[in-house]
Q: 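Quick one: this structure, given as structure tokens, is what I'll be asking you about.
Owing to the predicted nature of the structure, the values given are computational and were not obtained by experimental measurement.
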There are 2 protein chains.
Amino acid sequence: MARPLKALLSQEIIGQAAIQLVDSGRELQVVPLAKQLGVSVSSLYHHVDGREGIIRAMRQVMVSEYKSPERSAADWRETLRREVEQTWIMYVSHPRVLQLLITVVINEPDALSFYEVLAEALERAGLPDEEILTTIEAIEAFSIGAALDALSPEVLIDPAHSDGKLATLLPHHSSGEVRNREVFERGLELIIDGIAARVAAAAARSN
Amino acid sequence: MARPLKALLSQEIIGQAAIQLVDSGRELQVVPLAKQLGVSVSSLYHHVDGREGIIRAMRQVMVSEYKSPERSAADWRETLRREVEQTWIMYVSHPRVLQLLITVVINEPDALSFYEVLAEALERAGLPDEEILTTIEAIEAFSIGAALDALSPEVLIDPAHSDGKLATLLPHHSSGEVRNREVFERGLELIIDGIAARVAAAAARSN
DNA sequence: ACCTGAACACCGTTCAAGT
DNA sequence: ACCTGAACACCGTTCAAGT
């Protein structure tokens with residue numbers, strides 16, 4: 001076979017297969033990727049710009065998976081919670097992919113609409129304009145950190161090696177996916193409560 | 001030269017050189033690393049277990065750089081702020097190294113004392129025992145995310161491609177190192193305020 | 001125990017040839 | 001325009017030899 005009537009590959013097809021490969025715990029390598037797609041390795045180079053191009057294709061596919069939640073007239077807390085959870089789920093469903101994504105420099109954030117919706121929610125919350133973008137970026141940083149946290153081993157700290165307060169806390173601590181989920185939810189709650197406190201402080205100052 | 005009287009290499013020497021290499025923006029490759037150290041490539045294998053062993057050595061060196069702040073009788077907010085800032089500085093001084101570190105699974109956290117000090121501070125703050133570890137992990141996740149944020153390009157979003165609220169905010173937004181530093185400080189403030197709010201809520205419930 | 005050079009397996013990329 | 005196989009450069013790892 002040389003040139004088929006219908007192209008066998010596309011950036012989307014390659015990105016999808018690469019995500020599958022990486023999610024299954026294997027390295028991102030072109031030979032296994034081509035094998036999985038049933039093409040020769042060199043075929044990939046007609047659609048993506050090398051290994052980095054494959055990673056960009058993965059990012060594209062991942063972003064297209066992002067489901068923007070219903071835009072009901074919910075209060076800003078609810079809007080923030082839903083929107084941030086949705087991005088986090090996108091990341092945490094593929095933590096190993098995320099690891100590769102932060103390897104290539106991206107000029108546009110994964111979802112511009114995510115930034116816009118959050119900006120509007122924070123404005124509604126009453127946060128001063130000059131604090132909005134930095135706050136969004138802090139939230140994004142936390143989401144990424146909390147998604148990478150999913151790569152942690154089952155048991156983070158050997159209780160035997162610790163003492164003091166830690167030693168009393170560790171035995172009752174959750175582990176695995178439950179622990180990771182709790183970390184995300186706790187962090188998001190703290191940030192939301194922190195924003196509320198900051199809004200209240202700003203309002204008090206302007207009175 | 002075969003075996004020298006004094007060993008030319010050690011895990012620490014290798015880790016230090018590897019950090020330098022990666023900090024300078026180059027890939028972590030054994031040939032350049034060996035060249036920089038003035039030894040042959042195969043010499044490295046007498047001290048570290050392959051490339052992954054090099055990364056573990058880098059982690060060791062990085063952790064030894066961590067300076068635990070003065071343990072004055074400061075209030076919990078101040079203790080938290082100082083301690084978290086110190087880990088963040090450790091990470092953000094070598095964001096590319098951090099990128100490699102999250103590649104290898106680690107069973108013990110970078111600094112056990114960091115966990116212990118934070119646990120004690122949160123207890124002093126009045127946070128219920130069952131919330132302490134998850135809160136620490138959320139803080140750690142944010143620190144890592146905020147350090148990786150340092151790898152972002154100068155300009156995150158092209159203002160021309162955005163509209164709505166975003167378009168009015170972007171032109172006044174900071175960039176580069178200043179932006180990154182602001183993201184960390186804002187996020188940490190929000191989390192600390194969030195903890196304070198949560199402590200207050202828990203106290204109200206128990207009354 | 002620790003350093004070396006050579007050999008080896010592997011992996012990403014290029015390119016001329018084919019439709 | 002798109003797929004292929006072969007050639008190529010590169011990179012991590014191993015190992016026998018040397019002190």
Q: Looking at the side chain of A:Gln29, which of C:dT13, C:dG12, D:dT13 is the nearest nucleotide?
A: C:dG12
Q: In whole angstrom, give the distance that lies between atom CD of A:Gln11 and atom P of D:dC2.
A: 11 Å
Q: Please step through side chain to side chain contact (heavy atoms under 4.5 Å, CB included) for the pair B:Leu80 and B:Ile139, ending with a clear verdict.
A: CA-CA 10 Å; B:Leu80 211 81; B:Ile139 293 172; 4.2 Å; yes
Q: Sort out for me which residue in A:Arg198, A:Arg77, A:Arg186, A:Arg81 forms a salt bridge (Lys or Arg N to Asp or Glu O under 4.0 Å) with A:Asp193.
A: A:Arg77
Q: Would you say CD of B:Glu130 has more than 12 non-hydrogen atoms from neighbouring residues, nucleotides or ligands within 6.0 angstrom?
A: yes
Q: Measure from the side chain of A:His46, starting at C-beta and using heavy atoms only, and say which of C:dT14, D:dC2, C:dG5 lies closest.
A: D:dC2
Q: Would you tell me if any nitrogen or oxygen in the side chain of B:His47 comes within less than 4.0 Å of OP1 or OP2 on C:dA1?
A: no
Q: Can you label the angle between the A:Tyr66 ring and the A:Phe114 ring as parallel, tilted or perpendicular, going by 30° and 60°?
A: perpendicular
Q: Rounded to the Å, how far apart are A:Lys35 NZ and C:dG12 C1'?
A: 16 Å
Q: Consider the side chain of B:Val30, meaning its heavy atoms from C-beta on, and name the nucleotide among D:dG12, C:dT4, C:dT13 that approaches it most closely.
A: D:dG12
Q: Describe the nucleic acid contact of B:Val39 in one word from base, sugar-phosphate, nothing, applying a heavy-atom distance below 4.0 Å.
A: sugar-phosphate
Q: If you measure from the Lys or Arg side-chain nitrogens to the Asp or Glu carboxylate oxygens, is any gap between B:Arg124 and B:Glu120 under 4.0 Å?
A: no
Q: Please give, in whole Å, the distance from D:dT13 C1' to B:Leu33 CG?
A: 15 Å
Q: Using the side-chain heavy atoms of B:Leu9, tell me which of these nucleotides is nearest: D:dT4, C:dC3, C:dG12.
A: C:dC3
Q: Would you kindly give the CZ-to-P distance between B:Arg51 and D:dT14, to the nearest whole Å?
A: 15 Å
Q: Specify the separation, in whole Å, of atom CG of B:Leu8 and atom P of C:dA1.
A: 16 Å
Q: Taking the side chain of B:Ser40 as its heavy atoms from C-beta onward, which of D:dT13, D:dT4, C:dG5 lies nearest to it?
A: C:dG5
Q: Can a side chain N or O of A:Ser43 be found less than 4.0 Å away from OP1 or OP2 on D:dT4?
A: yes
Q: To the nearest angstrom, how far is B:Leu44 atom CG from C:dC3 atom P?
A: 9 Å
Q: Please state how far atom CD1 in B:Ile14 lies from atom P in D:dG12, giving the value in whole angstrom units.
A: 14 Å
Q: Determine which nucleotide pairs with D:dC2, using a 3.5 Å limit on both distances of a Watson-Crick or G-U wobble pair.
A: C:dG18
Q: Can you measure B:Ile55 atom CD1 to D:dG12 atom C1' for me and round it to whole angstrom units?
A: 12 Å
Q: Ignoring the backbone of A:Ser42, work out which of C:dC2, D:dC2, C:dC15 is nearest its side chain.
A: C:dC15
Q: Paired with D:dA7 by Watson-Crick or G-U wobble geometry, both distances under 3.5 Å: which nucleotide is it?
A: C:dT13
